[in-house]
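For reference, the structure is listed below as structure tokens.
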Amino acid sequence: MVTTETQLAVERLLARYVASLDEDRLEEWPDHFTEKCRYQIISSENHRQGLPIGVFFADSRDMLRDRVMALRQVNVYEPQGYRHLVSSTLVSDEGGGIVAAQSNYMVVRTMHDGTATLFSTGRYLDRITFQTGQTGEPLFLEKLVLYDGSRIDTLLAIPL
Amino acid sequence: MRNSLALTWPKEGLTRVPYALYGREDVYAEERASIFRGPSWSYLCLEVELPNPGDYRATFVGDIPVIVARDMDGSLNAFENRCAHRGALLCFKRGGHGREISCVYHNWTYDLRGNLIGVAFERGIDRKGGMPPDFKREDHALRRLRVENFAGLVFGTFSPDAPTLADYLGEAIAARIRRVLCKPVAVLGYSSQMLPNNWKIYVENNRDSYHASLLHTFFTTFRVNRLSQEGGIIVDDSGGHHVSYSKRATDKASREYDSAKLRASRDDYRLADPSLLDGRDEFGDGITLQILTVFPTFVLQQVQNSLAVRQVVPRGVGQTELFWTHLGFTDDDAAMRAIRLKQSNLVGPGGYISLEDGAVGGFIQRALPASGDESSIVTMGGADARSQDTRATETAVRGFWKAYRGMMGV
């Protein structure tokens, strides 16, 4: 069990995290992570089988910044946006100012022509630190995006 | 013309490809009959995915569902994933393990070679009902494929007329497969991607070295692959298979990249974490990129230290599923696994250099209504389909159509 304050702080972090993606403020997305961090998008089936490779992996905040730079400046894809719905967040205390959180997510992707599809559902498995110094806001040490199924429609550009 | 397709190939030959091929149902049906059931070899799975006797997996040849199994004697077999009785899928999961495979519908049971070994209530109940006296199980085996294993890649063909797999691949292609699959592999991950386009658009894209450094800006910006690097294209005699390779360390200053106004050519970006591109020359020949295709639907990929096989499965005229299987070697050390994990970011459905291929096929498919009876232009680097020491060419695309026309009779 964690305190209501901790639960709320985790949910607020998740809300700010998805807002940075959904509102096209991608440059703020890496700010929710610690400098050394771990972020991965991988199918829940690969994860269950202990297979290490998924769709995207980063072990530093700079790698996340590089993803944003590539999406903004380098890669080519049709204009599109996400809407994340995050729910059922369970938080547990790991001690040392670190909590583990697991949530369900759902992402609707809307293309520039108006086509909206259910793009991805799955779970977030997060480890979050409250020992963050400057802003006092909690940060992700680790965020594992376990998507259901194995299929991705067309391409995955924006992170989940 | 061997088949009944009403299709006239343009008089220019391999340098023209009719757009009708990407949108017509009758073409799609003919491909199933003449290519996927014809004298081609299709990738089924990796040998390492069937380690033990009794292991089996569901896979596809074209869009035809197939089971590939390791029999109790260790041999590899493949047969249609379709019950001989009422035509239901036998294996409706990724795979399984056992001495036999039963249909859930009426419990007809097959061994791992596809022989029918059990029919529920074959003699009826209390001597009533049951199969007629002339019913013979041996008349109802599942349709089998010939199966061969090359360097741990399991291929199958429906056709008794296909050459041996080694002859089908030819020496040059076989050597480049062995170059990568030189020791025991380990599967490091799976993913799949639904492409909104005809399957041929994707397999042409693999053979199209012209587009690589133009569409895939990441390639060029971070000098992972430029046409100004040493490299070339190998096209086998059939035309259907190819290898494109390059050496990243050999990039020389190129007026074409520097002065031309290429969207792809930007030098003002730097990776904040350049460890993404740190790798090893693990094959000892300086080749940092090798894309290899086998007609019709197989790809073996080395992008730096990211190794993968890709299986292309048609899902109707305008849809294709692309299955990615990421590989390493069983003797990788931890540092090598870390390199492969990072460099997997280059490929797959969200990869820095493969992401655009998910989109560009759909751009062609969506523009088909405008194409009428027109053809695309494939004249870069000449009119034939031979190996070349430049990648500013569409020779391997023409090669694909050479093999395709041969099998389709068009």
Side-chain angles (χ1 to χ4, degrees), chain A residues 27 30 33 35-80 111-113 115 117 119-120 145 147 149-160, chain B residues 94 186-197 214-222 263-264 266 268-276 306 308 321-328 337-338 340-345 347-363 366:
Chain A
E27 287 70 15
F33 291 83
E35 192 180 341
K36 287 285 292 174
C37 59
R38 191 180 171 86
Y39 173 80
Q40 188 171 28
I41 303 173
I42 186 168
S43 74
S44 50
E45 182 59 22
N46 279 359
H47 182 69
R48 195 185 60 75
Q49 291 183 36
L51 297 173
I53 291 183
V55 171
F56 182 74
F57 170 85
D59 63 2
S60 72
R61 188 162 59 201
D62 278 343
M63 281 185 83
L64 303 178
R65 295 202 194 288
D66 287 336
R67 180 75 185 184
V68 175
M69 180 273 295
L71 290 176
R72 292 290 197 215
Q73 311 290 348
V74 181
N75 284 114
V76 183
Y77 56 99
E78 284 180 86
Q80 54 190 273
M111 305 302 289
H112 62 101
D113 68 354
T115 312
T117 52
F119 180 58
S120 183
V145 181
Y147 63 93
S150 60
R151 231 179 237 175
I152 288 185
D153 177 53
T154 310
L155 56 81
L156 184 144
I158 304 165
L160 293 170
Chain B
R94 190 72 43 96
V187 172
L188 300 184
Y190 296 101
S191 62
S192 99
Q193 190 175 0
M194 286 304 287
L195 304 174
N197 53 261
L214 298 170
L215 175 67
H216 305 308
T217 338
F218 195 92
F219 256 154
T220 318
T221 302
F222 299 107
R263 173 184 57 77
R266 297 288 301 261
D268 45 346
Y269 300 120
R270 293 285 174 273
L271 289 172
D273 185 343
S275 67
L276 174 70
S306 166
E321 187 163 7
L322 176 60
F323 290 93
W324 299 80
T325 304
H326 296 275
L327 301 178
R337 285 291 162 87
R340 296 198 202 285
L341 177 56
K342 281 195 184 181
Q343 293 189 354
S344 70
N345 286 353
V347 300
Y352 284 125
I353 56 169
S354 61
L355 182 150
E356 286 98 357
D357 291 326
V360 77
F363 296 165
R366 277 148 60 186

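Every heavy atom of this structure was used, including side-chain atoms; hydrogens, water molecules and symmetry mates were not. A, B, ... follow the sequence lines: proteins, then strands. Residue 1 opens every chain. All of these numbers come straight from a predicted model, not from anything done at the bench.
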Distance col, row Thr154(A):OG1 vs Asp357(B):CG, nearest 0.5 angstrom, shows 12.5 Å
Bottom line for Met69(A): the part with an atom under 4.5 Å from chain B's heavy atoms is side chain
Scanning both residues in full, the closest heavy-atom pair of Val74(A) with Thr217(B) reads O-OG1, 2.8 Å
Bottom line for Phe363(B): the part with an atom under 4.5 Å from chain A's heavy atoms is side chain
Note: Leu355(B) and Asn75(A) closest approach over all heavy atoms is CD2-CB, 4.3 Å
By side-chain hydrogen bond (donor to acceptor under 3.5 Å, both in side chains), Arg151(A) pairs with (sequence neighbours left out) Glu321(B)
Honestly, the part of Arg94(B) sitting under 4.5 Å from a heavy atom of chain A is side chain
query = Taking everything shown except Arg38(A) itself, do over 12 heavy atoms lie less than 6.0 Å from its CZ?
reply = no
In this structure, CG of Leu327(B) is separated from CD1 of Ile53(A) (nearest 0.5 Å) by 8.5 Å
- [ ] For Leu341(B) and Gln40(A), run side-chain contact (heavy atoms from CB on, under 4.5 Å): C-alpha distance rounded to whole Å, both residues' side-chain angles, the deciding distance at 0.1 Å, then the answer.
- [x] CA-CA 10 Å; Leu341(B) 177 56; Gln40(A) 188 171 28; 3.8 Å; yes
Okay, Arg67(A) and chain B: the region with an atom under 4.5 Å from a heavy atom over there is both
What I'd like to find out is whether the side chain of Leu51(A) reaches to under 4.5 Å of the side chain of His326(B), using heavy atoms alone.
no
Subject >> Check: Asp66(A) side chain, Asp273(B) main-chain N or O, donor-acceptor pair, under 3.5 Å >> reply: yes
Residue from Gly358(B), Gly189(B), Pro196(B), Ala272(B) scoring the most non-hydrogen pairs under 4.5 Å with chain A is Ala272(B)
Value for CG (Asp153(A)) from CG (Leu195(B)), rounded to nearest 0.5 Å, stands at 9.0 Å
The reported gap from CG in Leu71(A) to OH in Tyr352(B) (rounded to nearest 0.5 angstrom) is 7.0 Å
Whatever's closer than 4.5 Å to a heavy atom in chain B on Asn46(A) counts as side chain
Practice item. Would you mind reporting whether Asn345(B) and Met63(A) have side-chain heavy atoms less than 4.5 Å apart? Key: yes
Sequence neighbours excluded, the answer for side-chain hydrogen bond (donor to acceptor under 3.5 Å, both in side chains) partners of Ser150(A) is none
Given Ser192(B), Gly348(B), Ser354(B), the one with more heavy-atom pairs under 4.5 angstrom with chain A than any other is Ser192(B)
Output for pair (Phe56(A) CZ, Ser191(B) OG), nearest 0.5 Å, gives 14.5 Å
